[in-house]
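What follows is one structure encoded as C-alpha cells, with my remarks underneath.
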Amino acid sequence: MQEKIQKLLEERYLLPDEKNWDDLAKRVSDIYPPIYDDIQQKKFLPSTPTLMNANTGGRKKGTLSSCFTMDIDDSIDDIFDALKEGAIVTKSSGGVGYVFSKLRSSKEGIQTLSDRKSSGPIPFMRMFNSMLDGIQQGGVRRGAGMGQFDINHPNILDVIRLKNTKGEMERLNLSVRITDEFYIKLKNNPDFPHVVYDKDGNSSPLEDNGNIVTVGKLWDEIVEYAWRCAEPGIFNVDIATRQCTVTNLNPYVLSNPCAEFTNIPYASCNLGSINLNYCVKDGEFDWVEFERLTRNATHYLNNVIDVNDFPIAKIKDVTLKVRPIGLGAMGYAHMLYRLCIPFNSPEANELCNKIFEKLTMFSMDESCMIAMETGQVYPAFDYDLFMKANERFFKDGKYKQLASEIKAHGIANSCFTSIAPNGSIGYIADMTTGGIEPVFALTYARRIEKLDKQYEVVYITDPIFEEYLNNNFDAKTKEKILAQVADNKGSCQKVQEIPENMRKVFVVASDLTPMEHLESLATVAKNTSLSVSKTINLPSNATKEEISDVYLRAHELGVIGVTVYRDGCREGVLVHKVDENNQDVIIKTNAPKRPKSLPCHVYRVNILNKINNQSEKWIIFVGLLNDEPYEIIAGKINGHDFDPSITEGEMIKTKLNGKKVYQFVKDGNVLCEDVMSVYMNELREYSTRLMSLALRHGASVEHLQTVLRKSGTIVDFNQAIVRAI
C-alpha cells in the first residue's frame, strides 16, 4: 500500500528535492507550523492544490485553492473573457463552475446581426469543455468544470439531453438549477405548461418539436437522463442562496464542479479534511482530539487565504472580501467500521449528526476567536445576514454565547465547512474513504488519471476489512472470502464465513438503499455551512421512479446538490473489475431473458435496391426492454402491411400450430400472425439477429450506430436501421 502511495506522491505532489511524505508535510505546514504533526500523521490534509503548490519558494507556481465559482455574461467579449479566465484558473490547478443560462437561447435574435438567431449556449459550452480537456490542472490532471443551467431557460431540454451521447461534455458536470417555485408547481400543477423566459424577461411555454412541455413532462425528462447517464444533477438554487452569507455583495449563487462549494461569482475556496478514521481511540470516538484537529485546521485554512497565489485579480478581490474556508472530513465510513457501527443504522445517523454539527460549530467558534485576537473580520461581514444564513445552527437558543461574541467581535471567515469527495487525499491518507461516501467495494480497482488522458489501474482491498480478516481468519480462509467478495461486486453480504453482525458492519455502497444514501447526505448537509459532494449510488435495475423520489426528497430535506449514479450507466473512476495490465478486456455477459411480450416501435423506410436501382418499402420493428432497444426485426413490405398510422404495439413470442412465432399485436388485435415469415429474408435475418445479439448483451445504441454507419450509404439497409434505433 505504501509503495502505491509513494508512487502517486512522486508523480503528482513531491518537488524535485523532496523524497517522501515527511518532506512534503514540512513544506505545506509552514503556513501554520503547529499543524505539522497533524499533516505528517495524516490526521488532517489540505487539498491537492495546496499540497502541490504551497510554499515552493518559486520552484512551482499555482493556486492553493481547489474551487472557483466563475461568471459569464451574454456577449462575445464577455464569453471569451470568461474562457480566458477559466483557462488561467485551470492551469493553476483549480476547478471552475459556471452558469451558462446567462447566455441567450437559440430561439432569440442578435441585434447587432440584424436580429439573426443566436447559436444558443450549447456551442459555447462545448468550447469551455474543450478548454478544460486541453489544459491540465497544474500539469498533472485535466480540467474539471460545472455547467449549471436554469430550469426556466428556453434551451433547458437540449441541455438535459446533452450527456446522452457518449463522450459529450466529459469535462463539464451538468446540473439543473431548480427553484422552490418549480417544486410547488410540480406538486400542485404538473399538467400545466412549463414557462421559460428569454433574455429580456419575456415568457412563453416550453416547446419540444412544436409540442407544449408540461411541468411534469420536464421533470420526467430530467429523471430520464439521470437514469440513462447519471446527469444532469440537481442544484437547489433557492436553498443555496438562503444559506449564503455574502449575498449582500452579489445575489447570484452557484457551485464548483463537485457542488461542495457554493458561493457568489469569483469566490475561491481552499479545502482540507480531517481524517475521522484517526479520531477513534479504544473503540470510542475521541471528541477531544476531534475538537483539537478542527481548531488547528481552521487556523491553517484561514492562513492559506493570506499566502494564496490567486490566478486572476477578480478572484483575489472577492475572496479577500468573503474569506471562505472549506473544512471537511474523510474516512467517515472507515470510522464506522472501526466503531463497528453499520452505516445504515440509527446509531450511525445520530453520531453523524453530532460530528458534522460540531465540525461546523468548532470551526465557527475558532474563526470568531481569530477575529477577537487579531481584529481580522471578513470585509463583507453583515451580522444579520450571517445569522439568517446560519439560523439552522442557532435555532432553539443553541450557541447563544457564540452568537453574542460574533455580534460583538465579528468573525474571520464567511463560511467554514464544505464536504468534498477527497478521492486523491483519501488515497494518500492510507487509502481511507473519501468524504462521507460509504466504502465502494471491499475489493475494487481504482483508475488514477495520468497525463495524456491515460489511467493507471491499481487494485485495492479495503484496509480496515483486510485488517479484520487478518485478525480473524487464516490465510486460506481469507483468500476464499476475498474471492467471494470479488465475485459479488465487492460486497461480503453473501459470505457465510463472516458472522452476520459483522456483515452488517461491512456494508458497501451497493448494499445501501437509495434512501439510506440520501439520509446520510441530508444529515451532513443540514450541518454543513456550504454544501456536500456525495453520489446517491443505485443498482443497475433502479427505476426512474426511485430517482425521482431521491431528487424530490433531497429538496424536502434541504440538500443543495444531489447526483445519482446507476451502476453501469456510464464508466466511472471506481470499478469492480479491470484487467491488471490496464488493457481493454472482453467482458462476457448474460443477456436478460426475453419476456413473452415486449413493447415495440414500428418504422417504415424506403431503401434503394442497388441491383435494379429501385426503391423498396421496408418495415423495421424495434422491441424494447426497460425502454432500451432489445431486438430488431426488419424486412420488405411487398404488399403485406397493416395500417401505416400504427407505429407502436407489442411483439409477442408465442406458438402457432406448434411453431414458435413472433406476433405483432396492437390493443389486443393480432396485426401480423408470424412476423418472421412475412417480412424476413435469410440475408437480412442474419444481419438483424447480430444487431439484436449486440443490443441484448449491452452494446450501446451509440456504438452500434457508429459501427453500422461505417458500412453502406445513407439509403442502405444498415443506414435505415441506424435511423430507426
Side-chain angles (χ1 to χ4, degrees), residues 69-74 78-79 82-83 86 95-108 118-129 131-132 144-165 168-183 185-186 194-199 201 203-208 213 215 217-226 228-241 251-259 262-265 531 551 554-555 560-564:
T69 46
M70 308 295 287
D71 204 7
I72 180 172
D73 282 314
D74 187 45
D78 289 326
I79 291 168
L83 184 69
V96 291
Y98 296 93
V99 178
F100 285 101
S101 48
K102 284 191 171 186
L103 306 185
R104 76 189 68 193
S105 75
S106 58
K107 307 176 191 302
E108 297 172 65
S118 164
S119 60
I122 291 178
F124 294 109
M125 293 170 69
R126 291 196 175 100
M127 185 173 69
F128 278 76
N129 183 76
M131 177 271 290
L132 293 168
M146 166 65 81
Q148 291 188 353
F149 219 81
D150 290 328
I151 199 163
N152 59 4
H153 189 280
N155 285 125
I156 184 63
L157 273 176
D158 301 320
V159 172
I160 289 170
R161 295 164 177 172
L162 258 181
K163 289 292 186 86
N164 193 46
T165 302
E168 182 73 80
M169 302 277 187
E170 287 189 329
R171 308 316 299 174
L172 273 176
N173 297 331
L174 297 182
S175 281
V176 179
R177 294 164 62 86
I178 303 185
T179 61
D180 292 345
E181 181 185 15
F182 178 84
Y183 286 108
K185 289 180 179 178
L186 181 64
H194 177 68
V195 177
V196 294
Y197 297 87
D198 66 17
K199 189 174 183 295
S203 64
S204 61
L206 178 64
E207 293 187 7
D208 183 22
V213 178
V215 171
K217 173 60 177 172
L218 182 60
W219 179 256
D220 290 343
E221 288 280 326
I222 294 171
V223 170
E224 168 75 25
Y225 287 92
R228 288 190 187 191
C229 47
E231 291 187 64
I234 297 295
F235 184 78
N236 291 316
V237 61
D238 288 338
I239 299 173
T241 303
Y252 213 80
V253 178
L254 65 157
S255 83
N256 72 313
C258 295
T262 53
N263 219 294
I264 62 176
S531 188
Y551 278 169
H555 177 256
I560 293 174
V562 58
T563 304
V564 299

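Numbers here simply count residues along the sequence, with the first being 1.
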[X] and [Y]: which non-hydrogen atoms are nearest, and at how many Å?
| X | Y | result |
| --- | --- | --- |
| V96 | P257 | O-CG, 3.5 Å |
| P154 | L206 | O-CD1, 3.7 Å |
| S119 | F124 | OG-CE1, 3.7 Å |
| G120 | P123 | O-CD, 3.4 Å |
| G86 | M70 | N-CE, 4.2 Å |

Any side-chain heavy atom of [X] within less than 4.5 Å of one from [Y]?
| X | Y | answer |
| --- | --- | --- |
| P265 | L254 | yes |
| I79 | F128 | yes |
| E221 | I156 | no |
| V195 | N152 | no |
| E207 | L157 | no |
| V253 | V237 | no |
| M125 | L174 | yes |
| M127 | L83 | yes |

Might you work through the side-chain contact (heavy atoms from CB on, under 4.5 Å) test for F235 and V176, ending with a clear yes or no? CA-CA 6 Å; F235 184 78; V176 179; over 6 Å; no

From [atom1] ([X]) to [atom2] ([Y]), nearest 0.5 Å:
| X | Y | atom1 | atom2 | result |
| --- | --- | --- | --- | --- |
| R228 | R161 | CZ | CZ | 9.0 Å |
| L132 | E170 | CG | CD | 12.0 Å |
| H194 | D208 | NE2 | CG | 12.5 Å |
| D198 | R104 | CG | CZ | 9.5 Å |

Give the ring-plane orientation class for F182 versus W219, where under 30° counts as parallel, over 60° as perpendicular and anything between as tilted. tilted

I need the single residue from S203, S204, S105 that forms a side chain to side chain contact (heavy atoms under 4.5 Å, CB included) with V196. Which is it? S204

Give me the one residue out of D74, D73, D78 that meets side chain to side chain contact (heavy atoms under 4.5 Å, CB included) with K102. D73

List the steps, then state whether side-chain contact (heavy atoms from CB on, under 4.5 Å) holds for I264 with T69. CA-CA 7 Å; I264 62 176; T69 46; 5.8 Å; no

Give a yes or no answer on whether the side chain of [X] reaches the backbone of [Y] with a donor-acceptor pair at less than 3.5 Å.
| X | Y | result |
| --- | --- | --- |
| S531 | A259 | yes |
| K163 | M169 | yes |
| S255 | T262 | no |

Please check if any side-chain donor atom of S106 sits under 3.5 Å from a side-chain acceptor atom of N155, or the reverse. yes

Check: Y252/D71 side-chain N/O donor and acceptor closer than 3.5 Å: no

Worked verdict on Y551 versus I178 for side-chain contact (heavy atoms from CB on, under 4.5 Å): CA-CA 11 Å; Y551 278 169; I178 303 185; over 6 Å; no

Between D150 and R177, does any NZ, NE, NH1 or NH2 come within less than 4.0 Å of an OD or OE carboxylate oxygen? yes

Please determine whether side-chain contact (heavy atoms from CB on, under 4.5 Å) holds for the pair I222 and I151, giving the CA-CA distance in whole Å, both sets of side-chain angles, and the decisive distance to 0.1 Å. CA-CA 10 Å; I222 294 171; I151 199 163; 4.0 Å; yes

Partners passing ring-ring contact (aromatic ring centres under 6.0 Å, His included) against F149 (at least two apart in sequence or in another chain): H153

